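As structure tokens, the structure follows; a few thoughts come after it.
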Amino acid sequence: MSIQTISLAPISEKGGGSALITNKDYQNKGLFVQTYGCQMNEYDSQKIGELLQQSHGLNLVDDTESAEVAIVNTCSVREKAQEKVFTLLGRWKKWKEKKAGRIICVGGCVASQEGELIRRRAPFVDIVFGPQTLHRLPQLLEQTIKGKQSHLKIPLSMDISFPEVEKFDRLPIPVANGVSAFVSIMEGCSKYCSFCVVPYTRGEEFSRPYLSVMEEVRELSRQGVREVTLLGQNVNAYIAEFEDGSPCDFSTLLTEVATIEHIDRLRFTTSHPMEMTNDIIQCFQSIPQLANQLHLPVQSGSDSILNRMKRGYTALEYKNIIRRLREIKPDIHLSSDFIVGFPGETEEDFMQTYRLVEEVKFSRSFSFIYSARPGTPASALPDDVPLETKKQRLYRLQELLAQQTEEIENQLVGTTQAVLIERLSRKSDNQVAGRADNNVVVNFSADTDLIGQFVEVKITERLTNSFRGVLL
Ligand code: SAM
Ligand code: F3S
């Protein structure tokens, strides 16, 4: 992987964009951001919108036609996601040629890992930035705009370094976009699962300072946010310090965030089973605001595959975590991630995954065919499971997972759920939509004045991805 850093003037103030004297020619022009990948990318895209609004006065728009600047925030976890980026860039090349002054930026994990490839395959791209340098985007953009205006042929600006904690120092003041918000509490990952590119694209784990997390949540609460999801590749590894230098781990952070006024529901994602400590499990008992839901990726039910994936736990240890969680919250909604067709996966290995699913019972899950990623240790292993076998295993696993989703969700019909009303429903003009504690979406008739409130809703019907209910 090649990493190239351009030198930039230091930014002295919090909220990177504001210290920069910027060109006014892009004021009130459109910014289009296309996001691929995980919730971390969605969060980063939101921050990009806030940053460029504050630095250059750009306004988010829904399509490239009304935009002057187009940004794709990329994901390289699987090969397919990466290829999508180059297809999109092909379309954007034509868009850029139609009007002078248009700017194309590529951010996220593909940018981080394949900066040089983008330079070669898509030389019309103006800016490449990594997940850890998005706060420097205002300067990169300024440099590009100045270059365009001076009619010099300026090369692509690229900054895919890992300046770590600086990113959290320079994020703009958050702007709530509804009553539920994501808050990033850590970046990167140091688990180095043998199949995964994240440690190489996002760097090693580092935690956001405790006060910075608390400030962001307090600010969001002042803006009307009632539910917060703490985000990171592996939030359980969070470790920071209080002002007096004493340690603040993830369970302590959860307890602290729960004390913030008006934050009445808390979620977090993603957790790693290896660091699902007793203290974190106990939080489900001691923190009433903690939602009745957990995403805990297992990847495989075979110990030999887990070992080769370098996951650091056995299937039995995973099941023990679930047992302890269910002792506290018997009806907790569990979701997970699975990979089928990892190098060397036998039919028996796959059946161990299948049996683990039968035993644990998951509400919703994500399952993928193994995709060899360049630079990862697993990519050196022979990718020896035939594609047809991988597809069949994925199909069998997804059938079982879908059956479990249906069984678990059917049991919700007739129950009463506490729903936070988030917005107008997309299904019907006269309805609102919100999420129950276990994260399912419920649509029902209610006064729009109730948006932002927790209400009791009786679930009446299950649809494919949501429920219907009646306000009590
Ligand atoms: N941090 C999370 C965790 O603890 O597992 C997940 C991060 S990763 C971005 C999301 C999911 O993508 C993983 O849980 C895994 O199932 C899947 N994934 C990652 N690398 C993959 C690969 N090379 N092939 C197929 N799926 C992959
Ligand atoms: Fe990837 Fe494993 Fe970290 S799946 S994000 S290296 S926990």
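Worth saying up front: this structure is predicted, and the values here are computed from it rather than measured. These numbers come from the heavy atoms of this one structure, side chains and all, not from hydrogens, waters or symmetry mates. Ligands are counted one by one from 1 in listed order, and the atoms in each one are counted from 1 as well.
Both cation-pi conditions hold for Arg78 and Phe368: the charged atom is under 6.0 angstrom from the six-membered ring centre and inside a 45 degree cone around its axis. Cation-pi geometry between Arg121 and Phe86 is met: the NZ or CZ atom falls under 6.0 Å from the ring centre, inside 45° of the normal.
Between Glu116 and Arg119, at least one side-chain N (NZ, or NE/NH1/NH2) sits under 4.0 Å from a carboxylate O, which counts as a salt bridge. A salt bridge links Lys47 to Glu216: at least one charged side-chain nitrogen sits closer than 4.0 Å to a carboxylate oxygen. The pair Asp331-Arg326 fails the salt-bridge criterion, with no side-chain N (NZ, NE, NH1 or NH2) lying under 4.0 Å from an Asp/Glu carboxylate O. Ion pair Glu317/Arg323 not flagged as a salt bridge, since none of the NZ, NE, NH1 or NH2 atoms sits closer than 4.0 Å to an Asp/Glu carboxylate oxygen. One finds no salt bridge joining Asp303 and Arg308 here, because no Lys/Arg side-chain nitrogen approaches an Asp/Glu carboxylate oxygen to under 4.0 Å. Taking a cutoff of 4.0 Å between a charged side-chain nitrogen and a carboxylate oxygen, Arg202 and Asp44 qualify as a salt bridge. We find that Glu345 and Arg393 are joined by a salt bridge, their nearest charged nitrogen and carboxylate oxygen being less than 4.0 Å apart. Remark: Glu227 does not engage Arg435 in a salt bridge, criterion side-chain N to carboxylate O under 4.0 Å.
Nearest protein neighbour of atom 11 (C) of ligand 1, counting heavy atoms only, is Asp337 OD2, 3.4 Å. Scanning the protein for heavy atoms near atom 1 (N) of ligand 1, the closest one is Gln233 O, 2.6 Å. Of the protein's heavy atoms, Ser371 O, 3.5 Å lies nearest to atom 22 (C) of ligand 1. The nearest heavy-atom contact from the protein to atom 20 (N) of ligand 1 is Phe195 CD1, 3.3 Å.
Proximity of Val77 to ligand 1, defined as any heavy-atom pair under 4.0 Å, is shared by backbone and side chain alike. By the criterion of a heavy-atom distance under 4.0 Å, the side chain of Pro297, and not its backbone, is placed next to ligand 1. Looking at Arg373 against ligand 1, only its side chain comes within 4.0 Å, counting heavy atoms. At a heavy-atom distance under 4.0 Å, no atom of Glu79 approaches ligand 1.
Under the 3.5 Å distance criterion, with hydrogens and angles disregarded, no donor-acceptor pair is assigned to the side chains of Thr35 and Asn73.
Ligand 2 has no atom lying under 4.0 Å from any heavy atom of Arg202. Under the 4.0 angstrom criterion for non-hydrogen atoms, Arg202 is not in contact with ligand 1. For Ile369, the heavy-atom gap to ligand 1 drops under 4.0 angstrom.
For Phe368, no nitrogen or oxygen atom sits less than 3.5 Å from a nitrogen or oxygen atom of ligand 1, counting backbone and side chain alike.
Shown in contact with His272 at under 4.0 Å from a heavy atom are these atoms of ligand 2, numbered in order with element: 7 (S). The atoms of ligand 1 that sit less than 4.0 Å from any heavy atom of Gln299 are 5 (O), 13 (C), 14 (O), 15 (C), 16 (O). Using a 4.0 Å cut-off to heavy atoms of Arg78, the atoms of ligand 1 that qualify are 12 (O), 17 (C), 18 (N), 24 (N), 25 (C), 26 (N), 27 (C).
Listed by chain and number, Cys196 SG are the protein N/O/S atoms closer than 2.8 Å to atom 1 (Fe) of ligand 2, with waters left out.
Shown here is Glu243, whose CD atom has no more than 12 heavy atoms of other residues, nucleotides or ligands within 6.0 Å.
Taking the six-membered ring for Trp and the full ring otherwise, the centers of Tyr370 and Phe195 sit at least 6.0 Å from each other.
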